[in-house]
Amino acid sequence: VIARLCVIGIGLIGGSLALALRRAGAVEEIIGAGRDETHLRKAVELKVIDRFELNLARAVKDADMVVLAVPLGAMQPVCAAIRDHLGASTILTDVGSAKQGVVDAVQAAFGEVPTLFVPGHPIAGTERSGVEAAFAELYRGRRVVLTPQPHTAPEAMKTVRSMWEHTGALVEEMDISHHDRVLAATSHLPHMLAFALVDSLSRLDDCDKAFRYAAGGFRDFTRIASSDPVMWRDVCLANGDAILGVMAHYRDGLKAIEDALVRRDGERLFDIFTRAKQARDRFMRLS
Ligand code: NAP
């Protein structure tokens, strides 16, 4: 049981973690921190946290565990604000969607990556954000990836692993560059495609009319284009190289379809679609 947990950033991800740990009886006291008093008051009202602090130094005081659940671009200033106020045995972890960027931010703020810092990423989310979107079941049966550094303390790993297991998540360890490449392909690229599709359609002359006729396929494909622009801007900036790599690969795939279409090559189109359908069906059976 974590005696005092401090979550900085009580939005979808931080709020859901707080709710899940509370429900599991895995925490005694939860302190929320952030920038906006109205949001933090709401978090107390919704019983997501016990109390809040706007001052980050005060928020982390005497905490056993501090979770950074802010957008990637805020990681460094937040770390700089708490650096001199963490206890000698306080464990620090984060939930950021791209891991090298967070490790670099922690390194820049602390001057070194503390041994009690455990980089983490819950592979779970929705297109909604803010504390009102948080729910205790978000992590059940979902994967959480920890990307330890060579000098990460084993006891810190153990505690962070156990915290996530209390939410019902399946915890895995992964090399940091592998994580960033895999997530660029399976999460970051799909978000870019959804944003690009909706943005380009919305600039068509008769877009309102077009959207009116949008059916299930459009909704399925574009749901994630409702995601938070700040979060996704920061993910792009933090994992740019890996995203550019998979974007180039994807462009080749789109070009193959375009070439087949120019040639009205039905056989080629059928082959591409069949291969994709088989891959997705296999993936759905496995997941
Ligand atoms: P969110 O719902 O928008 O919550 C972000 C929280 O961070 C808000 O409570 C916000 O507080 C706070 N915040 C923002 N800037 C801050 C700053 N400079 N100082 C202090 N607090 C600040 O976003 P989220 O979806 O939970 O994402 C949080 C993190 O989780 C991100 O790093 C993201 O990469 C990662 N993540 C997201 C998902 C997903 O699908 N959404 C999945 C896995 C991981 P205010 O209310 O005061 O603005």
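We're numbering straight along the sequence, starting at 1. Just follow the structure's listing: the first ligand is 1, and inside any ligand the first atom is 1.
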Exercise for review: Determine the minimum heavy-atom distance between His179 and Met174, stating which atoms define it.
Suggested key: CA-SD, 3.5 Å
Review point. Can a salt bridge be assigned to the pair Asp259 and Arg263 using a cut-off of 4.0 Å between side-chain N and carboxylate O?
Key: no
Review point. Considering only protein heavy atoms, which is closest to atom 35 (C) of ligand 1, and at what distance to one decimal place?
Key: Val95 O, 3.4 Å
Check your understanding: Between Glu45 and Lys47, does at least one N-O distance fall below 4.0 Å, as a salt bridge requires?
Key -> no
**Study point:** Minimum-distance protein heavy atom relative to atom 4 (O) of ligand 1
**Key:** Gly11 CA, 3.3 Å
Exercise for review: Using distance alone, determine whether Ile13 and ligand 1 share an N or O pair under 3.5 Å.
Suggested key: yes
**Study point:** Side chain proximity check, Leu170 to Trp164, heavy atoms < 4.5 angstrom
**Key:** no
**Study point:** Protein residue, atom and distance nearest to atom 39 (C) of ligand 1, heavy-atom basis
**Key:** Met231 CE, 3.8 Å
Review point. Looking only at distance, does Ser97 have an N or O less than 3.5 Å from an N or O of ligand 1?
Key: yes
Review point. Do other residues, nucleotides or ligands put more than 12 heavy atoms under 6.0 Å from the CZ atom of Arg143?
Key: no
Review point. Any idea which part of Pro71 is under 4.0 Å from ligand 1, heavy-atom wise: side chain, backbone, both or neither?
Key: both
Exercise for review: Decide if atom CG of Asp205 counts as having more than 12 heavy atoms of other residues, nucleotides or ligands within a radius under 6.0 Å.
Suggested key: no
Exercise for review: With heavy atoms only and a cut-off of under 4.0 Å, state how Ala124 meets ligand 1: side chain, backbone, both or neither.
Suggested key: backbone
Review point. Does Asp94 use its side chain to pair, donor to acceptor, with the backbone of Ala69 at less than 3.5 Å?
Key: no
Check your understanding: Is there a protein heavy atom at a distance of less than 4.0 Å from atom 7 (O) of ligand 1?
Key -> yes
**Study point:** Side-chain donor or acceptor of Thr90 paired with backbone N/O of Ala63 under 3.5 Å
**Key:** yes
Practice item. Work out which heavy atom in Leu54 is nearest to a heavy atom in Gly34; give both atom names and the distance. Key: CD2-O, 3.6 Å
Revision key, fill the gap. In ligand 1, the atoms that come under 4.0 Å of a heavy atom of Gly96 are 32 (O)
Point to revise | Lys/Arg-Asp/Glu bridge criterion (N-O < 4.0 Å) met for Arg161, Glu173 | key: yes
Check your understanding: To the nearest 0.1 Å, how far is atom 18 (N) of ligand 1 from its closest protein heavy atom, and which atom is that?
Key -> Ala74 CB, 3.5 Å
Exercise for review: Quick one: look up the protein heavy atom nearest atom 5 (C) of ligand 1 and list residue, atom name and how far away it is.
Suggested key: Ala69 O, 3.8 Å
Review point. What about His39: any of its N or O atoms under 3.5 Å from an N or O on ligand 1?
Key: yes
Point to revise | For atom 22 (C) of ligand 1, closest protein heavy-atom neighbour | key: Val70 CG1, 3.5 Å
Study note, to complete from the structure: The single option from Cys236, Ser97, Ser129 that satisfies side chain to side chain contact (heavy atoms under 4.5 Å, CB included) with Met231 is Ser97
Check your understanding: Any idea which atoms of ligand 1 are less than 4.0 Å away from a heavy-atom of Gly9?
Key -> 6 (C), 7 (O), 9 (O), 12 (C)
Check your understanding: Which is it for Arg35 and ligand 1 at heavy atoms under 4.0 Å: side chain, backbone, both or neither?
Key -> both
Review point. Any idea which part of Ile10 is under 4.0 Å from ligand 1, heavy-atom wise: side chain, backbone, both or neither?
Key: backbone
Point to revise | Geometric N/O contact Gly34 with ligand 1, under 3.5 angstrom | key: no
**Study point:** Where ligand 1 meets His121 - atom numbers and elements under 4.0 angstrom, heavy-atom basis
**Key:** 43 (C), 44 (C)
Exercise for review: Look only at interatomic distance and state if Asp36 has a nitrogen or oxygen under 3.5 Å from any nitrogen or oxygen of ligand 1.
Suggested key: yes
Practice item. Please write down residue, atom name and distance for the protein heavy atom closest to atom 43 (C) of ligand 1. Key: Pro122 O, 3.2 Å
Check your understanding: Can you tell me which residue and heavy atom of the protein come closest to atom 3 (O) of ligand 1, and the distance to 0.1 Å?
Key -> Ser129 CB, 3.7 Å
Check your understanding: Is Asp271 salt-bridged to Arg275, cutoff N-O under 4.0 Å?
Key -> no
Study note, to complete from the structure: Which of Ile10, Ile31, Val131 passes side chain to side chain contact (heavy atoms under 4.5 Å, CB included) with Ile49? It is Ile10
Point to revise | Proximal ligand 1 atoms for Gly130, defined as those under 4.0 Å from one of its heavy atoms | key: 1 (P), 2 (O)
